Amino acid sequence: VEFSAADKAAVEKIRESGGAALEVAQNDNRLNVAFHLSTEEIGNEQLALAKDLGFIVSLNMRGTVVDDTGVANLAGCSGLQRLHLEKTKITDAAVKHLAPLSGLVYLNIYGTEITDAAIDDIAALKGLKKVFIWETKITIDGVAKLKEKRPDLQIIPDLVVEKVKAAAEAKRKVEEEAAAKKA
């Protein structure tokens, strides 16, 4: 990637604002950007620094105060493949802003206010291979709908599979207790 003077200035601003910007590899100067280890409060202002930087491959905003408005800045991050938004202030509206990110393969929305209302928007992220939904407001019905729309998508945890496992375990315990009473 050839960085323009504006690109270099944007990367420097990211670093100055508490973000780490590291090259993907020695022979790949695209960037992994992370704000999650900053000692400063990180929010929409810092996320706006990444606006339209198509050479960012991975962005980690875990535990920041980023919300739906801030996520709107990601629409121009065309090279984004991995996005960590866990433990942020996002809601269903944030997922709509991710629609232009055709290369997104990994999305972590753990510990957010995302609900079943975002299922269609998650399913529409055609490149997505893995989504983490722990401690969201997504229900088992939402997971079932997402699995129906995107059977190729790995959903963690898969609430449908977890329910089947829990039912099998409960049945096993009942049978075990019944057998113990007969003995």
Side-chain angles (χ1 to χ4, degrees), residues 1-114 118-136 146 150 152-156:
V1 176
E2 287 293 326
F3 293 123
S4 68
D7 291 340
K8 290 176 184 174
V11 171
E12 189 53 38
K13 283 183 182 178
I14 287 170
R15 289 182 174 127
E16 289 170 2
S17 70
L22 304 171
E23 290 183 355
V24 171
Q26 188 174 8
N27 61 347
D28 186 348
N29 67 344
R30 294 175 303 155
L31 297 179
N32 291 321
V33 174
F35 282 98
H36 69 289
L37 297 176
S38 177
T39 56
E40 307 295 319
E41 182 172 273
I42 301 295
N44 294 340
E45 184 180 328
Q46 289 80 11
L47 185 55
L49 298 173
K51 184 178 174 104
D52 299 324
L53 298 181
F55 50 81
I56 296 176
V57 175
S58 175
L59 180 61
N60 193 331
M61 299 302 293
R62 178 178 54 91
T64 65
V65 294
V66 165
D67 63 22
D68 303 337
T69 305
V71 173
N73 288 300
L74 297 179
C77 293
S78 57
L80 200 57
Q81 296 173 3
R82 296 178 59 85
L83 181 58
H84 289 266
L85 292 172
E86 64 267 31
K87 296 289 192 171
T88 60
K89 309 281 184 209
I90 63 167
T91 69
D92 300 327
V95 182
K96 289 187 182 309
H97 297 306
L98 303 179
L101 303 178
S102 60
L104 195 65
V105 295
Y106 172 103
L107 177 62
N108 193 329
I109 52 174
Y110 150 73
T112 64
E113 296 297 313
I114 304 291
I119 293 301
D120 288 338
D121 295 316
I122 294 169
L125 297 169
K126 295 300 180 198
L128 197 62
K129 293 182 181 355
K130 189 180 289 189
V131 63
F132 291 83
I133 61 165
W134 279 296
E135 296 181 18
T136 63
L146 184 54
R150 289 287 308 281
D152 59 313
L153 182 61
Q154 185 179 4
I155 305 163
I156 304 167

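Any value given below was found using the heavy atoms of this structure, including those in side chains, with hydrogens, waters and symmetry copies removed. One is the number of the first residue; the rest follow in order along the sequence. Values in this document were obtained by computation on a predicted structure and should not be read as measured data.
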**Message:** Just checking Glu41: does its CD atom have more than 12 heavy atoms from other residues, nucleotides or ligands closer to it than 6.0 angstrom?
**Reply:** no
**Geometric cation-pi criterion Arg30 and Phe55, 6.0 Å radius, 45° cone** = no
**Prompt:** What's the spacing between Lys126 NZ and Leu153 CG if we round to 0.5 Å?
**Reply:** 10.5 Å
**Request:** Look up atom CG in Leu85 and atom OG1 in Thr112, then write down how far apart they are to the nearest 0.5 Å.
**Result:** 8.0 Å
**Prompt:** CD of Glu40: more than 12 outside heavy atoms within 6.0 angstrom?
**Reply:** no
**Request:** Working to the nearest 0.5 Å, report the span between CG of Asn108 and NZ of Lys87.
**Result:** 10.5 Å
**Asked** Is the number of heavy atoms from other residues, nucleotides or ligands under 6.0 Å of Lys129 NZ greater than 12?
**Response** no
**Asked** If you count the non-hydrogen atoms of other residues, nucleotides and ligands that lie under 6.0 Å from CD in Glu45, is the total more than 12?
**Response** no
Expected list for residues 118-125: side-chain donor-acceptor pairs under 3.5 angstrom, two or more places apart:
{"residue": "Asp120", "atom": "OD1", "partner": "Lys145", "partner atom": "NZ", "Å": "3.4"}
{"residue": "Asp120", "atom": "OD1", "partner": "Lys149", "partner atom": "NZ", "Å": "3.2"}
{"residue": "Asp121", "atom": "OD2", "partner": "Lys96", "partner atom": "NZ", "Å": "3.0"}

**Complete:** Rounded to the nearest 0.5 Å, the CD1 atom of Ile90 sits from the OG1 atom of Thr69 at a distance of 12.0 Å
**Item:** Residues Asn32, Val24; criterion side-chain contact (heavy atoms from CB on, under 4.5 Å); working and verdict
**Value:** CA-CA 6 Å; Asn32 291 321; Val24 171; 4.1 Å; yes
**Message:** Using the ring centroid of each side chain, check whether His84 and Phe132 are separated by less than 6.0 Å.
**Reply:** no
**Request:** Could you tell me the separation between the OG1 atom of Thr136 and the OH atom of Tyr110, rounded to the nearest 0.5 Å?
**Result:** 11.0 Å
